[in-house]
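So the structure is just underneath, and the comments pick up after that.
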Amino acid sequence: MLDDGRLLSILTLVGTPAVALTIAVLLALYLLGIRRGISATELGKISAASLRPVGMILLVVGAGAFFGAVLRATGIGTALADSMTAIGLPVILSAYLISCALRIAQGSATVAIVTTAGIIESSIAAGNYSPAQIALIVVAVSAGSIVASHVNDGGFWIVSRYFNMSVKDTLKTWTVLETILSVVGFAMAGLIWLVV
């Protein structure tokens with residue numbers, strides 16, 4: 001709505017995620033800390049304690065994203081898609097299996113979705129799929145991306161820490177839940193695929 005100019009540039013800078021989050025943290029430190037009489041030393045201790053559990057989650061998610069970039073850059077994903085096509089698997093099943101394999105290998109659902117989409121993109125573009133079939137392929141990729149949540153998954157650690165569960169208990173509950181959701185989601189997409 002604004003014309004190009006200084007105001008638009010300033011608002012764009014302030015709206016950048018890194019700047020906006022920094023401003024929010026500084027405001028929170030002042031409004032919820034210093035203004036209420038909490039010392040800078042105590043605020044530092046509180047901040048350090050809150051960043052400690054998040055640091056590991058960010059490290060794991062970052063490593064997963066890096067792994068996905070390596071898979072795309074090396075062409076391993078394309079080779080995987082070509083080999084699945086060669087064995088005659090339907091594209092919806094190939095998409096699900098590739099997404100599952102990527103999710104299990106590196107942990108991030110987002111990386112599994114994005115990488116799988118890049119891998120199967122050429123197969124879908126070459127095929128004559130209806131919009132409904134493409135939507136079902138997206139559902140299959142999404143279902144595959146949540147299978148077997150484990151210690152490389154940021155969501156695994158969020159659930160584990162939020163509910164104060166051990167790794168073993170999180171594997172027995174969250175991982176099983178995510179796997180059931182994945183299989184049921186793909187089964188439904190597969191059944192609708194047969195009708196569409």
Side-chain angles (χ1 to χ4, degrees), residues 1-74 77 99-100 102-119 138-139 141-182 185:
M1 292 173 39
L2 296 174
D3 295 329
D4 286 342
R6 177 169 277 180
L7 179 61
L8 180 61
S9 298
I10 291 170
L11 291 176
T12 302
L13 174 68
V14 171
T16 303
V19 174
L21 289 172
T22 302
I23 292 169
V25 168
L26 293 174
L27 277 173
L29 287 172
Y30 173 73
L31 295 173
L32 301 175
I34 294 170
R35 198 170 92 173
R36 295 179 63 203
I38 299 173
S39 69
T41 305
E42 197 173 340
L43 279 175
K45 289 178 184 176
I46 292 169
S47 298
S50 65
L51 288 175
R52 196 172 299 124
V54 173
M56 181 54 93
I57 293 169
L58 292 176
L59 181 65
V60 169
V61 170
F66 177 74
F67 181 69
V70 168
L71 287 176
R72 281 193 304 277
T74 58
S99 186
C100 285
L102 290 170
R103 162 63 169 207
I104 292 168
Q106 49 77 38
S108 170
T110 305
V111 173
I113 289 171
V114 171
T115 307
T116 303
I119 290 170
V138 170
V139 170
V141 170
S142 300
S145 76
I146 62 169
V147 74
S149 175
H150 57 82
V151 295
N152 278 3
D153 177 22
F156 177 91
W157 290 109
I158 291 171
V159 169
S160 171
R161 297 299 178 238
Y162 185 75
F163 291 110
N164 199 22
M165 296 166 49
S166 68
V167 172
K168 181 179 179 183
D169 289 340
T170 310
L171 285 168
K172 290 189 326 191
T173 56
W174 179 251
T175 303
V176 172
L177 167 74
E178 289 281 278
T179 303
I180 290 169
L181 286 172
S182 173

Which heavy atom of [X] sits nearest to which heavy atom of [Y], and what is that distance?
{"X": "M165", "Y": "R161", "value": "O-NH1, 4.4 Å"}
{"X": "E178", "Y": "S149", "value": "CG-CB, 3.9 Å"}
{"X": "S145", "Y": "A109", "value": "O-CB, 3.2 Å"}
{"X": "A112", "Y": "S99", "value": "CB-O, 3.8 Å"}

Item to check | All side chain to side chain donor-acceptor pair (under 3.5 Å) counterparts of S182, not counting sequence neighbours | outcome: Y96
Item to check | Heavy-atom side-chain contact between F156 and V167 under 4.5 Å | outcome: yes
Report the distance from atom [atom1] of [X] to atom [atom2] of [Y], rounding to the nearest 0.5 Å.
{"X": "I146", "Y": "L177", "atom1": "CD1", "atom2": "CG", "result": "8.0 Å"}
{"X": "L181", "Y": "S142", "atom1": "CG", "atom2": "OG", "result": "12.5 Å"}
{"X": "W174", "Y": "I158", "atom1": "CH2", "atom2": "CD1", "result": "9.0 Å"}

Next on the checklist: Closer than 3.5 angstrom, by distance alone: can the side chain of T116 be matched with the main-chain N or O of I113 as a donor-acceptor pair?
Outcome noted: no
Checklist entry - Looking at residues at least two apart in the chain, or sitting in another chain, which of them share a side-chain contact (heavy atoms from CB on, under 4.5 Å) with A148? => result I104, T179
Item to check | All side-chain contact (heavy atoms from CB on, under 4.5 Å) counterparts of K45, not counting sequence neighbours | outcome: T41
Only distances under 3.5 Å count here; give the side-chain donor-acceptor pairs of residues 17-36 to other protein atoms, sequence neighbours excluded, each with its distance to 0.1 Å.
from, atom 1, to, atom 2, distance (Å)
T22, OG1, A18, O, 2.7

